Amino acid sequence: MIETASKRTTPGLNKRRWLPHASLAVAALVAAAAGAAALRSEPPLSALPHGPVLDRAVARGVLRVGVRRYPRPAPPEAPTPPEPDSFDATLAAALAASLGVRLEVVGLAPEAQAPALRQGDVDVLFAGVPEFQDVDGVAVAPGDYSPGNGMVVTLRKGRIQDKAALRGTTVCASEGSSYARTVESRYGAIPRRYPSGVHAVSAFMAGECAALVEDVEVLDRLLRDEEWRFYRPLVTSLEAADAAGARLPEGDAASRDYLSAALRRWEADGTLDRARIARGGNLRLEIAQLKDGLVCHS
């Protein structure tokens, strides 16, 4: 059971057409075989030691996980309170299940995340990429749960017509985005962070930024919609500069290694891919709600 705590807060011609699909099928089979081999080589999570942080969660029977939170689109006269990010909560649920404990999800503002770990209000943090990488008292488990490649979109007839024009311009991005620092370091753009992907999209469409950076799966689908005919992709495959890592208090190597093993397992067994696809679907649904006159409240 997931509890949401708001305290503090994805002949001839026919033969030529078949070959690419066959290649993709072979590649998929190879990837699946590699994933299966990785799973066989990894010991089950239940066989791994926990360390003090996770041992305390097992002892109390509840894992408290800090996640990002944001208000969903709602009518102007009835704004909604911030709710936990569903992608983060999915990973939190997978971790709790691996430990055999109940899950308590705690939505946290960015500035409250590190203090919550240090003070013991949460055991683990799944909240994308931290704005500041090195924080005293906080450790990051090796591994990455970032979405796939990103994309940068701009107005089709706007002033940003090439990548060089991104220098010194604002780019809307969501909190915890893995691409924000990439557009900053590679193109000299200025990331402007918003509470969520839907807030960043809403702000971009309202003209608050010259460009938008988001997961390529999300933007590729949005660009097929009629209302997005005024926008075009400027960068179509943007690698993540920063890894989204699970964070926990410093000094617990065993719990850190457990989290790292969990991230490897989720990458191999498809858990992360399913969570990413679900994130894209949720984000597209929230963006569609904006067309119905609902407002993104900050």
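Counting from 1, the numbers follow the sequence of the chain as shown. Keep in mind that this is a model prediction, so the values were computed, not measured.
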Stepwise side-chain contact (heavy atoms from CB on, under 4.5 Å) check, R64 with R102
CA-CA 9 Å; R64 299 175 302 201; R102 189 164 52 87; over 6 Å; no
Worksheet item: Taking it one step at a time, do L248 and L125 satisfy side-chain contact (heavy atoms from CB on, under 4.5 Å)?
Response: CA-CA 6 Å; L248 72 166; L125 189 65; over 6 Å; no
With L99 as partner, the option from L54, D55, L45, V62 fulfilling side chain to side chain contact (heavy atoms under 4.5 Å, CB included) is L54
### Task
Verify side-chain contact (heavy atoms from CB on, under 4.5 Å) between D123 and R60, making sure each step is shown before the conclusion.
CA-CA 12 Å; D123 305 304; R60 82 170 75 96; 2.9 Å; yes
Check: Are V171 and V129 connected in the hydrophobic side-chain network, where two residues link if heavy atoms are under 4.5 Å apart?
Finding: no
Are L212 and I190 connected into the same hydrophobic cluster when the rule is that any two of I, L, V, M, F, W, Y join if their side-chain heavy atoms are below 4.5 Å apart? no
Residues passing the salt bridge (charged side-chain N to carboxylate O under 4.0 Å, His left out) test with R229, sequence neighbours excluded, are E226
*asked:* Using side-chain heavy atoms (C-beta onward) and a distance below 4.5 Å, is P233 in contact with V152?
replied: no
Residues P191 and A180: closest non-hydrogen pair is CG-O, 3.3 Å
With the side chain counted from C-beta on, respond yes when Y145 and F126 share a heavy-atom pair under 4.5 Å apart, and no when they do not.
yes
Y194 and E208: side-chain donor and acceptor closer than 3.5 Å? yes
Is a side-chain donor-acceptor pair under 3.5 Å present for Y179 with E184?
no
Would you say the side chains of R256 and S260 form a donor-acceptor pair under 3.5 Å?
-> no
Discussion item. Please determine whether residues L219 and L234 belong to a single hydrophobic cluster, defined as Ile, Leu, Val, Met, Phe, Trp and Tyr linked transitively by side-chain heavy-atom distances below 4.5 Å.
Written reply: no
Next item on the list: Report yes or no: does S178 contribute a side-chain atom to a donor-acceptor pair with the main-chain N or O of A243 at less than 3.5 Å?
Entry: no
Rounding to 0.5 Å, atoms NE2 (H50) and OH (Y258) come to a distance of 4.5 Å
query: Can you check whether V201 reaches C172 side chain to side chain, under 4.5 Å on heavy atoms?
result: no
Partner of V183 under side chain to side chain contact (heavy atoms under 4.5 Å, CB included), picked from V213, V235, L166, is V213
message = Quick one: does any side-chain atom of E214 pair with a main-chain N or O of V153 as donor and acceptor, under 3.5 Å?
response = no
For D257, the side chain to side chain contact (heavy atoms under 4.5 Å, CB included) test, sequence neighbours excluded, returns none
When every non-hydrogen atom of T80 is compared with those of A74, the smallest separation belongs to CG2-CB, 3.6 Å
Heavy-atom side-chain contact between Y231 and T154 under 4.5 Å: no
Rounded to the nearest 0.5 angstrom, the CD-CG distance for Q113 and L108 is 6.0 Å
* Side chains of R274 and R279 in contact at under 4.5 Å (non-hydrogen atoms) -> no
On a heavy-atom basis, the closest approach of R118 and D136 is NH1-O, 3.0 Å
*List the steps, then state whether salt bridge (Lys or Arg N to Asp or Glu O under 4.0 Å) holds for R72 with E286.*
CA-CA 7 Å; R72 270 50 175 186; E286 291 172 359; 3.3 Å; yes
dist Q289:CD -> R284:CZ (nearest 0.5 Å) comes out at 13.5 Å
The reported gap from CZ in R181 to CG in D242 (rounded to nearest 0.5 angstrom) is 4.0 Å
Is any side-chain heavy atom of S196 closer than 4.5 Å to one of D85?
no
Test your reading of the model: is there a side-chain donor-acceptor pair from D144 to the backbone of A244, 3.5 Å cut-off?
yes
Checklist line | Cluster overlap L222 with L238, hydrophobic side-chain contacts below 4.5 Å | finding: no
R159 and A210 have their tightest heavy-atom pair at NH2-CB, 3.9 Å
Shortest non-hydrogen pair, V198 vs P73, comes out as CG2-CG, 4.2 Å
When every non-hydrogen atom of A57 is compared with those of L63, the smallest separation belongs to CB-CD1, 3.8 Å
N/O donor-acceptor pair under 3.5 Å between D252 side chain and S255 backbone: yes
Evaluate the criterion side-chain contact (heavy atoms from CB on, under 4.5 Å) for residue pair L290 and C296; output intermediate values, then yes/no.
CA-CA 8 Å; L290 296 176; C296 256; 4.0 Å; yes
task: Return yes if a side-chain donor-acceptor contact under 3.5 Å exists between T169 and Y187, otherwise no.
output: no
In residues 87-96, what donor-acceptor pairs under 3.5 Å come from side-chain atoms, sequence neighbours left out?
residue: D88; atom: OD1; partner: R68; partner atom: NH2; Å: 2.7
residue: D88; atom: OD2; partner: R68; partner atom: N; Å: 3.1
residue: D88; atom: OD2; partner: R68; partner atom: NE; Å: 2.8
residue: T90; atom: OG1; partner: S86; partner atom: O; Å: 2.9

Exercise for review: Decide whether S202 and H199 meet the rule of one side-chain donor and one side-chain acceptor closer than 3.5 Å.
Suggested key: no
* Asked: D162 side chain to A165 main-chain N or O, any donor-acceptor pair under 3.5 Å?
  -> yes
Same hydrophobic cluster for V101 and V105, using side-chain heavy-atom links shorter than 4.5 Å among ILVMFWY? yes
When rounded to the nearest 0.5 Å, the distance separating CE of M205 from CG of L155 is 10.0 Å
Separation between CD (E239) and CG (N149), nearest 0.5 Å, reads 6.0 Å
